[in-house]
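Lettering follows sequence order; numbering is per chain, from 1. Since the model is a prediction, treat every value here as computed from it, not as a measurement.
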Protein chains: 2
Amino acid sequence: MTEKKYRDDDAVLKLENQLCFAVYACSREIIKRYRPHLDALGITYTQYITMMVLWEETTISAKVLGERLLLDSGTLTPLLKKLEKQGYITRQRSDEDERLLMITLTDAGQALKTSAAEIPYKIACDVGLELTEGIALREKLKQLTKDIREGNCEYSK
Amino acid sequence: MTEKKYRDDDAVLKLENQLCFAVYACSREIIKRYRPHLDALGITYTQYITMMVLWEETTISAKVLGERLLLDSGTLTPLLKKLEKQGYITRQRSDEDERLLMITLTDAGQALKTSAAEIPYKIACDVGLELTEGIALREKLKQLTKDIREGNCEYSK
DNA sequence: TTGAATTTAATTGCATACAACCAAATTAGC
DNA sequence: GCTAATTTGGTTGTATGCAATTAAATTCAA
């Protein structure tokens with residue numbers, strides 16, 4: 001039983017036992033699957049989820065966009081400039097508050113939605129999860145993300 | 001019902017409905033939680049999971065290491081050079097096959113494991129999942145990663 | 001009302017990720 | 001044995017991610 005205890009202590013630092021690595025690896029593999037479909041549209045994965053927010057909102061401040069995507073300005077600023085250069089969005093300061101950078105979907109950006117519409121179906125096929133199972137997994141991950149962000153554990157600062 | 005159909009079509013491109021974004025966002029938030037603990041050790045998250053494999057194997061080829069971590073040489077090569085510079089590993093060509101770069105844990109690398117041993121417990125506290133629930137989520141993600149990599153769907157190339 | 005605190009983007013620096021390409025070593029066929 | 005194909009790392013270029021800092025605009029407070 002001493003030996004068993006030894007193995008258990010070691011187990012917490014084994015890669016295969018890490019939830020973090022399971023999430024991290026899965027994320028990268030999923031995004032890799034999107035690439036060929038997104039290459040056809042000329043956008044990256046991060047640009048794709050950014051456009052997704054714009055297809056819902058049409059106009060949104062960079063700050064709120066960052067909150068939705070959980071990305072900060074260091075990531076968003078260059079990404080939004082690229083989307084502007086590609087003609088999918090416009091970037092202009094708010095009249096009421098010059099600090100706010102308002103992002104607006106262009107007609108070309110709206111048109112891109114039509115091209116993107118088939119992607120989720122193609123990916124769903126890859127994933128091979130039942131719809132209800134996929135939804136359950138997604139909601140579990142959302143809850144986990146929320147818990148981690150709120151961090152109600154005093155142990156870790 | 002026409003209106004309902006319209007809403008359903010739109011739903012597939014909504015950010016909140018994407019499993020990919022749930023995984024992607026969760027991954028980044030988890031890694032963000034690791035940062036303060038890993039900063040104390042002077043390593044990054046990717047270096048941490050790399051060391052995790054070395055703590056199990058002691059010696060491993062760069063190729064097999066990449067297969068374990070699902071990372072390619074473009075990511076691993078500079079990362080391993082940094083770990084070598086920090087004294088945690090050695091990099092040397094195999095005698096039998098000069099193409100193979102053998103990575104070996106040093107004493108300092110082994111010692112680092114002791115410092116890292118508490119991290120999983122601290123993170124587990126943040127995550128706030130029941131053990132069995134965390135295991136279930138982890139295994140679900142592993143299966144999903146496997147399915148995506150194998151990609152038994154002819155629809156997406 | 002005016003100087004301090006706050007908010008919001010942008011910038012900088014560092015560390016991934018990964019596709020595409022390249023070079024060296026090895027193996028396979030003939 | 002010798003050449004072609006394969007294997008394995010390394011390099012390059014592009015695009016994130018994110019902490020830390022800066023700068024401009026706005027709000028708050030005495």
Side-chain angles (χ1 to χ4, degrees), chain A residues 20-21 24-51 60-67 69-86 89 91-103 149 157, chain B residues 20-21 24-36 38-39 41-50 60-67 69-86 89 91-103 149:
Chain A
C20 63
F21 179 69
Y24 166 74
C26 187
S27 171
R28 285 183 295 116
E29 293 302 320
I30 291 179
I31 291 174
K32 230 177 273 183
R33 269 290 177 184
Y34 273 87
R35 196 179 310 272
H37 303 301
L38 295 174
D39 280 350
L41 302 196
I43 59 175
T44 64
Y45 178 75
T46 316
Q47 290 168 3
Y48 172 62
I49 58 174
T50 301
M51 290 306 295
I60 194 172
S61 75
K63 174 184 166 52
V64 176
L65 185 58
E67 287 170 355
L69 298 170
L70 301 182
L71 290 171
D72 83 347
S73 64
T75 302
L76 274 183
T77 297
L79 185 145
L80 292 173
K81 286 180 179 174
K82 278 168 209 150
L83 285 176
E84 183 186 41
K85 188 169 289 181
Q86 294 178 84
I89 63 166
R91 294 163 65 253
Q92 53 186 4
R93 295 287 167 178
S94 161
D95 288 334
E96 295 87 44
D97 187 338
E98 292 273 346
R99 292 172 305 182
L100 298 181
L101 182 71
M102 301 307 298
I103 309 299
R149 284 177 59 77
K157 224 171 19 86
Chain B
C20 62
F21 179 69
Y24 165 74
C26 188
S27 172
R28 286 183 294 116
E29 292 302 320
I30 291 179
I31 291 173
K32 231 176 274 184
R33 269 289 177 184
Y34 274 88
R35 195 179 309 272
L38 295 173
D39 280 351
L41 302 195
I43 59 175
T44 64
Y45 178 76
T46 317
Q47 289 168 3
Y48 172 62
I49 59 174
T50 301
I60 194 172
S61 75
K63 174 185 164 56
V64 176
L65 185 57
E67 287 169 353
L69 298 170
L70 301 182
L71 289 172
D72 81 348
S73 65
T75 302
L76 273 183
T77 296
L79 185 145
L80 292 172
K81 285 181 179 174
K82 278 169 209 149
L83 285 176
E84 184 187 42
K85 188 168 291 180
Q86 293 178 86
I89 65 166
R91 295 163 64 254
Q92 53 187 6
R93 296 286 167 181
S94 162
D95 289 335
E96 294 89 43
D97 188 338
E98 292 273 347
R99 292 171 304 179
L100 298 182
L101 182 70
M102 302 306 296
I103 309 299
R149 283 177 59 77

### Task
Take atom CG of Leu71(A) and atom P of dA9(C), then tell me their distance rounded to the nearest Å.
13 Å
### Query
Does any non-hydrogen side-chain atom of Tyr24(B) lie less than 4.5 Å from one of Ile31(A)?
yes
### Query
Would you say the side chain of Thr44(A) and the base of dA15(D) hold a donor-acceptor pair, judged only by whether the two atoms sit under 3.5 Å apart?
no
### Query
Which whole-number value in Å describes the distance from Asp72(B) CG to dA15(C) P?
18 Å
### Query
Would you call Arg33(A)-Glu29(A) a salt bridge at under 4.0 Å N-O?
no
### Task
Quickly work out the Leu70(A) CG to dA19(D) P distance and round it to whole Å.
12 Å
### Query
Starting at the 5' end of DNA chain C, which residue's closest nucleotide do you reach first, Leu76(A) or Tyr24(A)?
Leu76(A)
#### Entry: Proximity to the side chain of Gln47(B) - top-ranked nucleotide from dG10(D), dT16(C), dG17(D)
dT16(C)
### Task
With the side chain of Lys82(B) defined as its heavy atoms from C-beta on, choose the nearest nucleotide among dA15(C), dA17(C), dT26(D).
dA15(C)
### Query
Side-chain N or O of Arg35(A) less than 4.0 angstrom from OP1 or OP2 on dA15(D)?
no
### Task
Using only side-chain N and O atoms of Thr46(B), determine if any of them is under 4.0 Å from OP1 or OP2 of dA17(C).
yes
### Summary
Among the nucleotides dA19(C), dT11(D), dA9(C), whichever has the atom closest to the side chain of Lys63(A) is dA9(C)
### Donor-acceptor pair present, Thr77(B) side chain and dG9(D) base, under 3.5 Å
no
### Query
When you look at Arg28(A) and Leu71(B), which way does the side-chain contact (heavy atoms from CB on, under 4.5 Å) test go after all the steps?
CA-CA 10 Å; Arg28(A) 285 183 295 116; Leu71(B) 289 172; 3.2 Å; yes
### Task
Take Asp97(A) and Ile31(A), find for each the nucleotide of DNA chain D with the closest heavy atom, and name the residue whose nucleotide sits nearer the 5' end.
Ile31(A)
### Summary
Comparing Glu29(A) with Ala62(A), nearest DNA chain C nucleotide closer to 5' gives the residue Ala62(A)
### Message
Could you check whether any side-chain N or O of Arg91(B) sits under 3.5 Å from a backbone N or O of Met102(B), counting only pairs where one atom can act as donor and the other as acceptor?
### Response
no
### Task
Could you work out which one of dA17(C), dT7(D), dA9(C) sits closest to the side chain of Arg99(B)?
dT7(D)
### Summary
Out of dA19(D), dA17(C), dT16(D), minimum distance to the side chain of Thr75(A) belongs to dT16(D)
### Query
Over how many whole Å does the gap from Leu41(A) atom CG to dA15(D) atom P extend?
16 Å
### Task
Kindly point out which of dG17(D), dG9(D), dA10(C) is positioned nearest to the side chain of Arg91(A)?
dA10(C)
### Message
Distance check needed: dT7(D) C1' versus Leu100(B) CG, whole Å only.
### Response
9 Å
### Task
Quick one: sort the Tyr48(B) and Tyr34(B) rings into parallel, tilted or perpendicular, breaks at 30° and 60°.
tilted
### Query
Looking at Arg93(B), does any N or O in its side chain come under 4.0 Å of the phosphate oxygens OP1/OP2 on dG10(D)?
yes
### Query
Nearest of dA9(C), dA25(C), dG9(D) to any side-chain atom of Ser73(B)?
dG9(D)
